[in-house]
Peer 1: 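What follows is a single structure, and I will ask about it in a moment.
Labels below follow one simple rule: chain letters A, B, ... track the order of the sequence lines, proteins then strands, and each chain is numbered from 1.
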Amino acid sequence: MSSRTHNCGELNKTHINSSVTLSGWVNSLRTHGKIIFIDIRDRYGKTQIILDKKDLINKGNSLSNEDVISICGKVNARTKDFVNKDISTGEIEVIANELHILSISNPLPVPIHDREASTEEHRLKYRYLELRNKTLQDNLIKRHNAAQVVRNFLSKKDFIEIETPVLMKSTPEGARDYLVPSRIHHGKFYALPQSPQMYKQLFMISGLDKYFQIVKCFRDEDLRSDRQPEFTQIDLEMSFVDEPDVRNLVEDLITTIFKKVNNVTIKKPFPILSYHDSINKYGTEKPDLRYKMELNSFKEFSDQSDFKSFKGLKYVTMLSVDDSSHFSRKIIDELDDYAKSIGAKGLAWMKCNGKNLEGGISKFFNKNLQSKIVSNYKLKNDSICFIIGDNSQLALKVLGLVRTKIAQMLNLCDNTIFKPVWIVDFPLFEWDEDQKRFESVNHPFTAPKDSDMEKLLSSPEEVLSKGYDIVINGYEVAGGSIRIHDDKMQKQIFEIMNITKKEINDKFGFFIDALKFGTPPHGGIAFGFDRLVMLLCGVNNIRDVIAFPKTTSASALMEDAPNTISETQLNDLNITIKKNEEDV
RNA sequence: GGGGUAGUAGUUCAGCUGGUUAGAACGCCGGCCUGUCAAGCCGGAGGUCGCGGGUUCGAGUCCCGUCUAUCCCGCCA
């Protein structure tokens, strides 16, 4: 009775006069007294059903949207005037002989066909209903397709997918771990993996020279529109490779995914940008190259001006935009507020009027200096310059974010265009002022550049790494490195990071031991799979490509997680919950 | 931890400088209707204005606090 001969999206002229059974949801209902139209829907499409027999009409009058029904009937050609070009089955309709009501739906708390017409709070609470929405279903189908392409592509290249533990050891470096208390070992905890980093390197030591996995990872940090606490990586590692080998493979993989899933051709090889250049030209290590608008050092000119706020500052950077007509005083003020909200002292500006500058801080620059600026930066007539100065790289960072904001304002972000870029030559370490020690920029297993080995002890801050990120349209889509495969070097890196011998031994001893038993040179990369799917779907929110996402406070509104647990459960784990001061 | 935005019917919103009984659309319930496809027409039900304080003769509206969602900064090796 509830079986179906066809889905709701496949009937067409070739099926005319056949007897069919369709099952699905009542998408909409149009009652006309002696005839009722029902659009029946499943994930494949919609089909119009006709009820014109008395007993069926009685039954049909009791239906409402989202009831689940099954109908048997005959496929009928629609006359020309009644063809519906908007749906795949629009040339036919099914005249019902039988109508079975399989399930009655309550009125819905969220509309299904218009996702915008409902707050996210509601949509997440009733996510299973929102997932009836076609766009969201299409996103999940695209996600599936991308995963299939990855598995096929890598399998053909002799990679094998191996699962790694989800309950692992907590390590001190990196993001905050999600922790799982042990029942058997009171007072001890497992950590959920931030990535399977050490396991995949151990596979290389095992001789499983090409590994990959599509795997959930967990980081207990605050969320963003492109960041969830649990997320999926395409993780891969290979032996006997150097940077170009990994880059070639990854470029092949990415172009294959975009071709097969979206039928988009991306040119190879991808451009390569050093970390240093990326920061100086775009103020970020994840530049969006769909638009140009590069940052320029302005220090040379600001130092000569009478503008005291900028004089002698270490970083003064300038961004020029061609058409100043988009920038009313109100818009400039908004950009200024934005720059201030993210840490700048302010956003200075000047407009180019032929050979001279006007408005904003232009009065602090004499005419001679003004024309030098115009010719030096080849400023176009009617362009506008935005300038930020600071004694730290914050100036670059903020102007980089202003650049992104302006691009959004000017609609320069076309989601059907994909501009990948490799970011390379990262520093190996950065100085952590709070902890007064060096920390890894990537992770502590990243190899230093061969040419920088001598500087490792004398000036660690100058050492570059064999790390690489791939950025597409301003999203960090993948990151990886060539790893250290020498135990002494690995130990040395931990020592430079001022991790005590005991801690190295406790946390990483097993791993450094493993490196001693014949470790091939190896390297790899991990993709943020959710972000990749975001790009494929043309959306800018990670929740739109995850079936059951978390909110920005890391809770699940539908099932209400996280939740409190019973005394019994706590007792099993030998855990007591501390009372807040206010509660006492 | 910090900043911005939002919270009024099942849903999305309106509600002016504080002033009778808080409105609309969609949805829901009842009725009419043989060609609609966001069907149409008539009628009806539906509200602790997120929560807690305060100011006031009077608060959806003003003030303070708080919660939730969202965007951003910090954070995310």
Peer 1: Checking the side chain of A:T404 only, and the main-chain atoms of A:G400 only, is there a donor and an acceptor separated by less than 3.5 Å?
Peer 2: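 Yes, the answer is positive, given that a donor and an acceptor are paired below the 3.5 Å cut-off.
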Peer 1: Looking at B:G35 and A:H32: do their rings stack (centroid distance under 5.5 Å, interplanar angle under 30°)?
Peer 2: no
Peer 1: Just the rounded figure in Å: distance from C1' of B:U68 to CD of A:E121.
Peer 2: 5 Å
Peer 1: Can you measure A:K125 atom NZ to B:G7 atom C1' for me and round it to whole angstrom units?
Peer 2: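 Computing the A:K125:NZ to B:G7:C1' distance gives 15 Å.
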Peer 1: When we call it a touch if two heavy atoms are under 4.0 Å apart, what does A:Q48 touch: a base, just sugar-phosphate, or nothing?
Peer 2: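 Base contact.
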Peer 1: Looking at every strand, decide which applies to A:D39 at a 4.0 Å heavy-atom threshold: base, sugar-phosphate, or nothing.
Peer 2: sugar-phosphate
Peer 1: Can you tell me how far P of B:A38 sits from CZ of A:R41, to the nearest Å?
Peer 2: 15 Å
Peer 1: Does B:C73 have OP1 or OP2 sitting under 4.0 Å from an N or O in the side chain of A:R224?
Peer 2: yes
Peer 1: Does the B:C76 base have a donor-acceptor partner in the side chain of A:R219 within less than 3.5 Å?
Peer 2: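 Counting by modelled atom types and ignoring angles, no donor-acceptor contact under 3.5 Å is found here.
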Peer 1: Given A:N133 and A:R123, is the side-chain contact (heavy atoms from CB on, under 4.5 Å) satisfied, shown in steps?
Peer 2: CA-CA 11 Å; A:N133 177 268; A:R123 289 190 273 131; over 6 Å; no
Peer 1: What integer distance in Å separates A:I95:CD1 from B:U36:P?
Peer 2: 16 Å
Peer 1: Report the distance from atom NZ of A:K550 to atom P of B:U70, rounded to the nearest whole Å.
Peer 2: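 Checked: the NZ to P distance equals 12 Å.
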Peer 1: Identify which nucleotide among B:C73, B:U36, B:U12 has an atom closest to any side-chain atom of A:F82, counting heavy atoms from C-beta outward.
Peer 2: B:U36
Peer 1: Find the distance A:I40:CD1 to B:C37:C1' and express it as a whole number of Å.
Peer 2: 15 Å
Peer 1: Taking the nucleotide of RNA chain B with the closest heavy atom to each, which residue, A:T31 or A:A554, is nearer the 5' end?
Peer 2: A:T31
Peer 1: Using a 4.0 Å heavy-atom cut-off, does A:P444 contact any base of the nucleic acid, only the sugar-phosphate backbone, or nothing at all?
Peer 2: base
Peer 1: Report which part of the nucleic acid A:E93 touches: base, sugar-phosphate, or nothing (heavy-atom distance under 4.0 Å, all strands).
Peer 2: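 Result for A:E93 = base.
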Peer 1: Output the rounded distance in Å from CG (A:D52) to P (B:U36).
Peer 2: 16 Å
Peer 1: Roughly, in whole Å, what's the span from CG in A:N61 to P in B:G30?
Peer 2: 10 Å
